[in-house]
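What follows is a short report on a single structure.
Protein chains get the first letters and strands the later ones, always in sequence-line order, with residue 1 at the start of each. What's counted below: heavy atoms across the whole structure, side chains too, no hydrogens, waters or symmetry copies.
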Amino acid sequence: MDTNIRSVDAYKLMHEGTLALTRAEQQGIRVDLNYITKKQAYLTAKITHLEKKFKLSKFYAHWEHSVKGRVNINSNNQLAHFLYNVKKIAPEKFTVTGQGSTDDEALQMLNMEELNILLEMRKLRKVRDTYLVAFEREQVNGYIHPFFNLHIVKTYRSSSDRPNFQNIPKRDKEAMDIVRQALYPRPGHQLVEVDFSGMEVRINCCYNRDPNLIHYMTNKSADMHADMAAQIFMLDPFDKKLPDHYVLRQATKNGFVFPQFYGDYYKNCAVNMACNWGKLPHGNWSPGQGISLNGARLSDHLISKGIKSLDSFIKHVKEIERNFWDNKFPDYAAWKDRWWAVYQKYGYIDLLTGFRCSGVMARNEAINTPAQGTAFHCLLWCFIELDRMMIQEQWDTRLIGQIHDSIILDVNPDEFDHVIAMVKQVTTIDLPNQWKWINVPMEIDIDVFDVDGSWVK
DNA sequence: GGAACTCGCCAC
DNA sequence: AAACGTGGCGAGTTCC
């Protein structure tokens, strides 16, 4: 029989994983219905207020006239038609179907006060409708029971739905606070979140065995993002403890290193780092532009290094990219080529965890699949182990969810020390013992929330 | 009136 | 030569 589950271990992972995740689903997460009701009303009032403000503008009057009074303020189709056909503004950005885009970035580039009101309304509606309304709809007796699926994702990671527990706001502080204040542990308990640090990069080490990548994952003082930031922004010395430098490290991590690992290329990376993170304009740069750096501005520094325009920076990042793959991580680069060749020859790729991924894949998909699937399998193996301990030792603590590389627990404070000890044991010792192909240490971060407190610190 | 689609946006 | 991987979901819209 032809199957994509190639080993008993892989089968067990799915079987036992399903059972463990089902127990988490059954347990559920407590929601504060009182809070949700109040916050919904508050958000609705705020949205209504913004809507009234928007309707006073000339922009709105013109829009209303153009559709003979039938404005739907929530319709991006209408908005795009008004901006790009009626007002005949040239779109700065296009959707996949070639229409003028109305997403956050596109509207911000148009630089119109009225559009900022629409963006604020859009954000508040998202928080209210996708999260708070969904929690209220899905809850039973004050608990939501998100599903964790193992049969959906083609890389063999998981997905979650009804409601999706894997996309709760985290990066935007305001959205995070509003949504996470709705989520609680059981009375007298506390939420604990355990997440693997740099999990996908570590799993890539297991596939490509690149010595330099392994070095970065093994030596605590080695910092790949800081090293790349120093190169990209030509800073020597580079001190990530300085706030200005730390911002550039973040820009490098999220604008260069991770996108490069996902298969992006230098041009996107350069524009994103310079314009979105560095706040520099397109075209030529002048002194005094961009974010602050070493007592001056980013443009002052880059101009002093001979980089006087975005185009010049793009060329610079092109050279950095070449060096990144040719000299810094040559074994990783060679592995990517081999891996792609194997897929092209056989039409499938085999994961270290015993799963075969087949079907039509583009190069980047084929190359990204192993780390994504395998990283989740490490998480799932730990989830199963902790679930087994929970039952065997009759914990009052419960596993309540999982977000690809993290586990969320509802912890009885009396059991806290023991649970944390078991979490550390399973994730950093038992897991690498279980799978001998793991060739770098596994590290975790643990976030502890207040007893009877929400999922906000 | 529901299915399927587009777009936008949240997470890793 | 080409050029960011995996999902879920709400609102609007179109199709049948």
Discussion item. Of the options C:dG10, B:dA11, C:dT6, whose atoms approach the side-chain atoms of A:Thr155 most closely?
Written reply: C:dT6
Worksheet item: Quick one: do A:Arg249 and A:Asp223 make a salt bridge, cutoff under 4.0 Å?
Response: yes
Practice prompt. Nearest whole angstrom, please: distance from the C1' of C:dG10 to the CG of A:Leu43.
Written response: 15 Å
Fill in: Rounded interatomic separation in angstrom, taking CZ from A:Arg125 and C1' from C:dG12
11 Å
Practice prompt. With heavy atoms under 4.0 Å as the rule, sort A:Glu365 into base, sugar-phosphate or nothing.
Written response: sugar-phosphate
Discussion item. Between the base of B:dC12 and the side chain of A:Arg157, is one N or O donor paired with an acceptor at under 3.5 angstrom?
Written reply: yes
Worksheet item: Between C:dA3 atom P and A:Asp264 atom CG, what is the distance in whole Å?
Response: 11 Å
Worksheet item: Would A:Lys38 count as a cation-pi partner of A:Tyr35, with NZ or CZ less than 6.0 Å from the six-membered ring centre and within 45° of the ring normal?
Response: no
Fill in: Test: A:Arg363 and A:Asp337 ion pair at under 4.0 Å
yes
Practice prompt. Compare side-chain N and O positions of A:Ser159 against OP1 and OP2 of C:dG8 and report whether any pair is under 4.0 Å apart.
Written response: yes
Practice prompt. Could you state the atom-to-atom distance from OH of A:Tyr131 to P of B:dC10 in whole Å?
Written response: 7 Å
Fill in: Distance in angstrom units between A:Asp104 CG and B:dC7 C1', rounded
14 Å
Worksheet item: How many Å lie between CZ on A:Phe196 and P on B:dA11, as a whole number?
Response: 22 Å
Worksheet item: Given that A:Thr369 and A:Tyr265 both sit by DNA chain C, which one's nearest nucleotide is further toward the 5' end?
Response: A:Tyr265
Worksheet item: Hey, is the side chain of A:Asn72 poking within less than 4.0 Å of OP1 or OP2 on C:dG12, counting only N and O atoms?
Response: yes
Item to complete: Could you check whether the rings of A:Tyr156 and A:Phe355 sit parallel, tilted or perpendicular, using 30° and 60° as the cut-offs?
Response: tilted
Discussion item. At less than 4.0 Å, is any side-chain N or O atom of A:Asn74 found next to OP1 or OP2 of C:dA11? Yes or no.
Written reply: no
Fill in: A:Gln190 vs A:Asp450 side-chain heavy atoms within contact, under 4.5 Å
no
Worksheet item: When only distance counts, do a donor and an acceptor, one from the side chain of A:Lys126 and one from the base of B:dC9, lie under 3.5 Å apart?
Response: yes
Worksheet entry | Nucleotide nearest A:Asn368 (side chain, heavy atoms from C-beta), chosen from C:dA11, C:dG5, C:dT6 | C:dG5
Worksheet item: Checking all strands, does A:Ile152 fall into the base, sugar-phosphate, or nothing category for heavy-atom contacts under 4.0 angstrom?
Response: sugar-phosphate
Practice prompt. Describe the nucleic acid contact of A:Val96 in one word from base, sugar-phosphate, nothing, applying a heavy-atom distance below 4.0 Å.
Written response: sugar-phosphate
Worksheet item: With a 4.0 Å cut-off on heavy atoms, is A:Thr102 in touch with a base, just the backbone sugar-phosphate, or nothing at all?
Response: sugar-phosphate
Discussion item. Tell me whether A:Glu51 is salt-bridged to A:Lys55, with the criterion being a basic N under 4.0 Å from an acidic carboxylate O.
Written reply: yes
Discussion item. Under 4.0 Å, counting only non-hydrogen atoms across every strand here, what does A:Arg122 touch: a base, just sugar-phosphate, or nothing?
Written reply: sugar-phosphate
Discussion item. Check the phosphate of C:dT13 against A:Ser75, side-chain N and O only, distance under 4.0 Å to OP1 or OP2. Yes or no?
Written reply: yes
Fill in: Out of C:dC4, C:dC9, B:dC10, whichever nucleotide has its closest atom nearest the side chain of A:Asn167
B:dC10
Discussion item. I want to check one thing: is the phosphate of B:dC7, taken as OP1 and OP2, less than 4.0 Å away from some side-chain N or O of A:Thr95?
Written reply: yes
Worksheet item: Is the distance from OP1 or OP2 of B:dC12 to the nearest side-chain N or O of A:Arg171 less than 4.0 Å?
Response: yes
Item to complete: Check whether any side-chain nitrogen or oxygen of A:Lys170 sits under 4.0 Å from OP1 or OP2 of B:dC10, and answer yes or no.
Response: no
Worksheet item: In whole Å, what is the span from the OH atom of A:Tyr156 to the C1' atom of C:dT6?
Response: 15 Å
Worksheet item: Just checking A:Arg137: base, sugar-phosphate only, or nothing, at a heavy-atom cut-off of under 4.0 Å?
Response: sugar-phosphate
Worksheet item: Using a cut-off of 4.0 Å on non-hydrogen atoms, how would the nucleic acid contact of A:Ser160 be classed: base, sugar-phosphate, or nothing?
Response: sugar-phosphate
Fill in: Sugar-phosphate only, base, or nothing, as touched by A:Pro169 at under 4.0 Å among non-hydrogen atoms
sugar-phosphate
Worksheet item: Any side-chain N or O of A:Thr97 under 4.0 Å from OP1/OP2 of B:dC7?
Response: yes
Worksheet item: A:Gln181 and A:Asp32: side-chain donor and acceptor closer than 3.5 Å?
Response: no
Worksheet item: Just how far, in rounded Å, is C1' of C:dA3 from NZ of A:Lys267?
Response: 11 Å
Item to complete: Under 4.0 Å between any heavy atoms, over every strand shown, what does A:Ser101 touch: base, sugar-phosphate, or nothing? Just pick one.
Response: sugar-phosphate
